[in-house]
Number of protein chains: 2
Amino acid sequence: MQQPHRAEDAAPAGPPRPGGARVLVVEDDPTVAEVVSRYLDRAGHAVDRVEDGPTALSRAAVHWPDLVVLDLMLPGMDGLEVCRRLRARAPVPVIMLTARGDEDDRILGLEVGADDYVTKPFSPRELVLRVESVLRRTRPRSDLRPLAAAGLTVDPAARRAAKDGDELALTLREFDLLAFFLRHPGRVFSRADLMREVWGWDFGDLSTVTVHVRRLRGKVEDDPARPRLIRTVWGMGYRFDPEGQAELP
Amino acid sequence: MQQPHRAEDAAPAGPPRPGGARVLVVEDDPTVAEVVSRYLDRAGHAVDRVEDGPTALSRAAVHWPDLVVLDLMLPGMDGLEVCRRLRARAPVPVIMLTARGDEDDRILGLEVGADDYVTKPFSPRELVLRVESVLRRTRPRSDLRPLAAAGLTVDPAARRAAKDGDELALTLREFDLLAFFLRHPGRVFSRADLMREVWGWDFGDLSTVTVHVRRLRGKVEDDPARPRLIRTVWGMGYRFDPEGQAELP
DNA sequence: TGCGCTCCTTACGAAACACGGACGTCGCGC
DNA sequence: GCGCGACGTCCGTGTTTCGTAAGGAGCGCA
């Protein structure tokens, strides 16, 4: 129940798009705040903007963020204090914005438990990358939701997977790949899509994907030579079919 | 059998290939413009090249681009102003070309709302990657919307097609062809039209289209010898008839 | 009816593609 | 140090798909 005294503070921030996160940006310089918000928004995240520490705390109370981008230098309560108080409530991921070469601040920020930091002046693009990197590491509960389809169960929190009740011994990549397929059933993904979504690479040898799909099939499919779950869509990529219909004659 | 190269010139570009976009390149240095255009063209995009701001605006008025590659330093109206004016009309994605280390320009560009920037000197390949990254972020994949007509259903996201509930085993080209017809029911398209829209080729052997239409008919029509869905319009081309009325006697 | 043009049909060679097997490297635990 | 598993890469092979050619059928017109 905070009082939005500034128009900019009242940035509504609806729900994030699928794959996106709710990000709270705490920054008193309106220019920087604007640029950062725009970039994060474009990257598919829902952005809350506030200008000082107290507002940040109250906003977080209303809408707990998946991640906080926090300027170290703030009027009144400084970034470190904000970070501490947020952390006192729950272990939210934090990325600090610090002045260049301000070694002490950097150390301090990391001591308080920032997950990453970016020095000013910074590239907004870099910030977005760091945000997504941190999100990948700290992956919020939506990605920890258990999944199940076609006799397969995947528990991302425990990193366990099973087929018809029997536990599967999957490697890291195989697990991520299977989890991704279960999250997006019935859709075709090109090898490049998978490399981007599962590996996090924008380019690379696409045969890597092929090989990992094969290894995954070897563990998941009844008959790996005739896959029914992870189908090949010729010339396009792969698709996870929960239905698993029989082959056409 | 390699694909014919698209015309790479400074003239107004034709329609982009299916996966490509219409890109407006605003750059006064002819060398840079040439290299950039060539690379984007090779990547399957339709490139419009102009040398200054006013021309960019008028060109955009004629053919609104999917994305703009904009040099920040232009004679007369500078890049920022061009960006502002374009944005005033519609939120087109913009990638800025800036001088290295020109921090102020970079920030300025981002304030105006550039989606990304590349610092000179740059690798043309990197630019292409950024263009496609921005397009991925900004382009709503409306072409993934499911389609249905005349007992046919086509789901581009899953790349599945069915006739009266029975799944059709279509090849890549057949699928794209059918999807195109379903997107444009009741209109006649010449073989050249289809070759351009579905294949993305500006020229080539038109009998290729004929053969693929025949193969598609073989899988889609009740009686391929007397097609009711994909009609031949003599001397014109083909037309998809959702009504599928019987032949006149 | 015959002619010219368009469209259909079939067949074939070649390219593109997916797959399986195997190899080298790296990191980790023993 | 040594062995092992995970991972990324490469190569040979079988299959699918594609584009083109060539002959036959159908349509429109004189």
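Sequence lines set the chain letters: A, B, ... in the order given, protein chains first and strands last, and positions in each chain run from 1.
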Whole-Å gap separating [atom2] ([N]) and [atom1] ([X]):
X	N	atom1	atom2	answer
A/Arg173	D/dT9	CZ	P	10 Å
A/Arg217	C/dG21	CZ	P	14 Å
B/Met236	C/dT6	CE	P	11 Å
A/His212	C/dC19	NE2	C1'	15 Å
A/Leu206	C/dA16	CG	P	16 Å
B/Lys219	D/dT16	NZ	C1'	11 Å
B/Leu216	D/dT17	CG	C1'	15 Å
A/Arg159	D/dA6	CZ	P	13 Å

Looking only at non-hydrogen atoms, find the nearest pair between A/Lys219 and A/Lys163 and report the distance.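 The answer is O-CD, 4.4 Å.
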What are the two closest heavy atoms between B/Ala150 and B/Pro242, and how far apart are they?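 Closest approach of B/Ala150 to B/Pro242, heavy atoms only: CB-O, 3.2 Å.
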Is there side-chain contact between B/Leu127 and B/Leu97, with heavy atoms separated by less than 4.5 Å?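 When only atoms from C-beta onward are counted, B/Leu97 and B/Leu127 do touch, with a gap below 4.5 Å.
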A/Thr232 vs A/Tyr238, side-chain contact (heavy atoms from CB on, under 4.5 Å): CA-CA, chis, key distance, verdict: CA-CA 5 Å; A/Thr232 300; A/Tyr238 299 100; 3.5 Å; yes
Heavy atoms only, 4.0 Å cut-off, all strands: where does B/Thr208 land among base, sugar-phosphate and nothing?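 Since a base atom lies under 4.0 Å of B/Thr208, the category is base.
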So what does A/Phe175 hit on the nucleic acid, given a heavy-atom distance under 4.0 Å: a base, only sugar-phosphate, or nothing?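 Nothing, no nucleic acid heavy atom in range.
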Does atom CZ of A/Arg159 have more than 12 heavy-atom neighbours, drawn from other residues, nucleotides or ligands, at distances under 6.0 Å?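 Check passes, neighbour count above 12.
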Flag, side chain of A/Glu221 to backbone of A/Ile230, donor-acceptor distance under 3.5 Å: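 Flag set: sc A/Glu221 to bb A/Ile230 pair under 3.5 Å.
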Verify the contact: side-chain N or O of [X] to OP1 or OP2 of [N], cut-off strictly under 4.0 Å; return yes or no.
X	N	answer
A/Trp199	D/dG8	yes
B/Thr171	D/dT16	no
B/Arg214	C/dT9	yes
A/Tyr238	C/dC19	yes

Between protein and nucleotides 21-30 of chain D, map the contacts as a letter string: B base, S sugar-phosphate only, - none, heavy atoms under 4.0 Å, written 5' to 3'. B----BB---
Answer yes when B/Arg187 and B/Asp193 have at least one side-chain N-carboxylate O distance shorter than 4.0 Å, and no when they do not.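 So B/Arg187 does not pair with B/Asp193 through a salt bridge.
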If each of B/Arg215 and B/Arg191 is mapped to the nucleotide of DNA chain C with the nearest heavy atom, which maps nearer the 5' terminus, i.e. the 5' end?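 Its nearest nucleotide being more 5', the pick is B/Arg191.
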